[in-house]
Asks: 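Below: one structure in structure tokens.
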Amino acid sequence: MVTMETPLPDSRTEPDGSAVIRVLSYNVRSLRDDTEALARVIRACAPDLVCVQEAPRFFRWRKAAARLAAMTDLVMLSGGATAAGPLLLCSLRATVERTEDVLLPRTPGLHRRGLATAVVRIAGTRLGVVSCHLSLQGEERRAQAEAVLDRVDAMGVPHAVVAGDLNDVPGGKAFRRLAGRLQDCRTVRPWGGELTFPPGAPRKRIDAVFATGGIEVLGCGVPESLPGVTAADLRAATDHLPVLAALRVPAGDRTGA
């Protein structure tokens with residue numbers, strides 16, 4: 001088992017072309033809190049990919065998302081208002097193959113939900129990425145979990161990661177549906193903290209990173225004692241704690257469609 005005392009592997013390219021990557025999932029509450037603290041946390045995590053939830057969606061939302069990317073030395077990949085909140089950021093290590101924002105069916109009276117998706121290449125790997133924020137309502141949430149899995153299947157890639165705010169705990173039906181088809185990275189190789197909400201005194205794990213079966217999980221959890229991450233910044237940044245995963249993605253066909 002990986003413990004917090006075991007350093008989380010840094011991003012790197014292996015001799016065989018496989019890639020060790022860091023994937024961060026973070027609900028940023030529309031940047032309504034301390035964005036400087038938020039940026040410090042993200043930078044300390046040194047992610048290759050960031051699956052954001054509750055990105056700004058209204059007035060000048062692109063400018064706000066671009067500012068977050070600039071503050072964290074990342075670039076915007078896809079999502080934002082066009083995905084109803086989920087957003088993808090990436091480091092310059094990732095080469096973008098394609099992106100697609102997906103709006104999910106809406107239940108009258110409930111918030112519109114969507115997915116920010118992309119296919120990227122990192123070193124010799126090809127990877128699908130999905131950022132999601134599932135419904136507060138149980139029946140709609142379960143349907144959205146199915147939609148996430150359908151989207152992964154439709155991406156036509158050998159490997160994929162899904163990360164987001166599930167609004168569900170590991171025993172819930174939506175969480176269990178995702179974990180039944182994908183690796184729940186925290187369960188596979190725990191590292192760092194477990195609970196993600198609320199940040200001051202977390203009681204529930206409702207944020208997670210998932211990976212398809214061919215990906216090796218090297219560690220996953222809340223980066224509560226990662227160098228550069230402070231408890232004060234985690235409390236001030238937003239109303240969720242982040243989840244950071246280190247993954248080894250196998251090398252594949254560099255010319256694959």
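Count residues from 1 along the sequence.
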Asks: Give a yes or no on whether Leu49 and Leu182 share a hydrophobic cluster (residues Ile, Leu, Val, Met, Phe, Trp, Tyr; joining criterion: side-chain heavy atoms under 4.5 Å apart).
Replies: no

Asks: To the nearest 0.5 Å, what is the distance between OG (Ser30) and CZ (Phe58)?
Replies: 7.5 Å

Asks: Begin with the C-alpha distance, continue with both residues' side-chain angles, and end with the deciding distance and a verdict on side-chain contact (heavy atoms from CB on, under 4.5 Å) for Glu97 and Arg121.
Replies: CA-CA 7 Å; Glu97 182 177 303; Arg121 295 174 185 266; 3.0 Å; yes

Asks: Could you grab the distance from atom CZ of Arg22 to atom SG of Cys220, nearest 0.5 Å is fine?
Replies: 12.0 Å

Asks: Are Met155 and Glu100 packed together at the side-chain level, in the sense that at least one heavy-atom pair is separated by less than 4.5 angstrom?
Replies: no

Asks: Any idea which heavy atoms bring Cys45 and Leu24 closest together, and the distance?
Replies: SG-CD1, 3.9 Å

Asks: What's the separation between atom CZ in Arg141 and atom OG1 in Thr107, rounded to the nearest 0.5 Å?
Replies: 12.0 Å

Asks: If only atom types and distance count, is the side chain of Arg112 paired as donor or acceptor with the main-chain N or O of Leu104 below 3.5 Å?
Replies: yes

Asks: Show every side chain to side chain donor-acceptor pair (under 3.5 Å) that has at least one partner inside residues 169-184, sequence neighbours left out.
Replies: Glu146-Arg177, Asp153-Arg181, Asp184-Thr187, Asp184-Arg205

Asks: Going only through I, L, V, M, F, W and Y residues with side-chain contacts under 4.5 Å, is there a path from Leu244 to Val188?
Replies: no

Asks: Taking side chain as C-beta onward, heavy atoms only, is Ser25 less than 4.5 Å from Pro242?
Replies: no

Asks: Under a 4.5 Å cut-off applied to non-hydrogen side-chain atoms, are Leu38 and Asp33 in contact?
Replies: no

Asks: State yes or no: do Leu8 and Val23 share one hydrophobic cluster built from I, L, V, M, F, W and Y residues joined by side-chain heavy-atom distances below 4.5 Å, directly or via other members?
Replies: no

Asks: Is there a side-chain contact between Val249 and Ile21 (heavy atoms, below 4.5 Å)?
Replies: yes

Asks: Run the side-chain donor-acceptor check on residues 72-89: report pairs under 3.5 Å with partners two or more places apart or on a different chain.
Replies:
from	atom 1	to	atom 2	distance (Å)
Thr72	OG1	Leu68	O	2.8
Thr72	OG1	Ala69	O	3.2
Ser78	OG	Thr117	O	3.3
Thr82	OG1	Asp101	OD2	2.6

Asks: Find out if a path of hydrophobic residues (ILVMFWY) with successive side-chain heavy-atom gaps under 4.5 Å connects Ile122 to Val50.
Replies: no

Asks: To the nearest 0.5 Å, how far apart are CG in Leu218 and CG in Asp10?
Replies: 11.5 Å

Asks: Can you list every salt bridge (Lys or Arg N to Asp or Glu O under 4.0 Å) pair that touches residues 45-64, not counting sequence neighbours?
Replies: Asp48-Arg93

Asks: Between Ala19 and Thr125, what is the shortest heavy-atom contact and its length?
Replies: N-CG2, 3.6 Å

Asks: What pair of heavy atoms forms the shortest contact from Gly17 to Ala123, and how long is it?
Replies: O-CB, 4.0 Å

Asks: Using a strict cut-off of less than 4.0 Å between a Lys/Arg side-chain nitrogen and an Asp/Glu carboxylate oxygen, indicate whether Arg32 and Asp239 qualify as a salt bridge.
Replies: no

Asks: How far apart are the C-alpha atoms of Val120 and Thr95, what are their side-chain angles, what is the distance that settles it, and do they pass the side-chain contact (heavy atoms from CB on, under 4.5 Å) test?
Replies: CA-CA 5 Å; Val120 301; Thr95 299; over 6 Å; no

Asks: Tell me the closest heavy-atom pair linking Val229 and Pro223, and the distance in Å.
Replies: CG1-O, 3.3 Å

Asks: Should the pair Phe197 and His240 be assigned to parallel (<30°), tilted (30 to 60°) or perpendicular (>60°) ring geometry?
Replies: tilted

Asks: For Val41, is there any backbone N or O sitting under 3.5 Å from a side-chain donor or acceptor partner on Asp233?
Replies: no

Asks: Check for me, please, whether Val222 and Tyr26 land in the same ILVMFWY cluster - side-chain distances under 4.5 Å, paths through other members count.
Replies: yes

Asks: Compile the donor-acceptor pairs under 3.5 Å between side chains in residues 127-136 and protein atoms, sequence neighbours left out, one pair per line.
Replies:
from	atom 1	to	atom 2	distance (Å)
Ser131	OG	Val52	O	2.8
Ser131	OG	Gln53	NE2	3.4
His133	ND1	Arg113	NH1	3.4
His133	NE2	Arg113	NH1	3.4
His133	NE2	Asp165	OD2	3.0
His133	NE2	Asn167	ND2	3.4
Ser135	OG	Gln137	N	2.9
Ser135	OG	Glu140	OE1	2.6

Asks: Return each pair, listed once, that meets salt bridge (Lys or Arg N to Asp or Glu O under 4.0 Å) where at least one residue sits in residues 242-252; pairs must be two or more places apart or across chains.
Replies: Glu14-Arg248, Glu216-Arg248

Asks: What distance separates Arg235 CZ from Leu241 CG, expressed to the nearest 0.5 Å?
Replies: 10.0 Å

Asks: Please round to the nearest 0.5 Å and tell me the distance separating atom CG of Leu226 and atom CG of Leu234.
Replies: 10.0 Å

Asks: If you count every heavy atom of other residues, nucleotides or ligands that lies below 6.0 Å from Arg67 atom CZ, does the total exceed 12?
Replies: no

Asks: Output yes when a side-chain donor or acceptor of Asp168 lies under 3.5 Å from a complementary backbone atom of Phe175, and no otherwise.
Replies: yes

Asks: Could you list all the ring-ring contact (aromatic ring centres under 6.0 Å, His included) pairs where at least one residue sits in residues 79-120, not counting sequence neighbours?
Replies: none

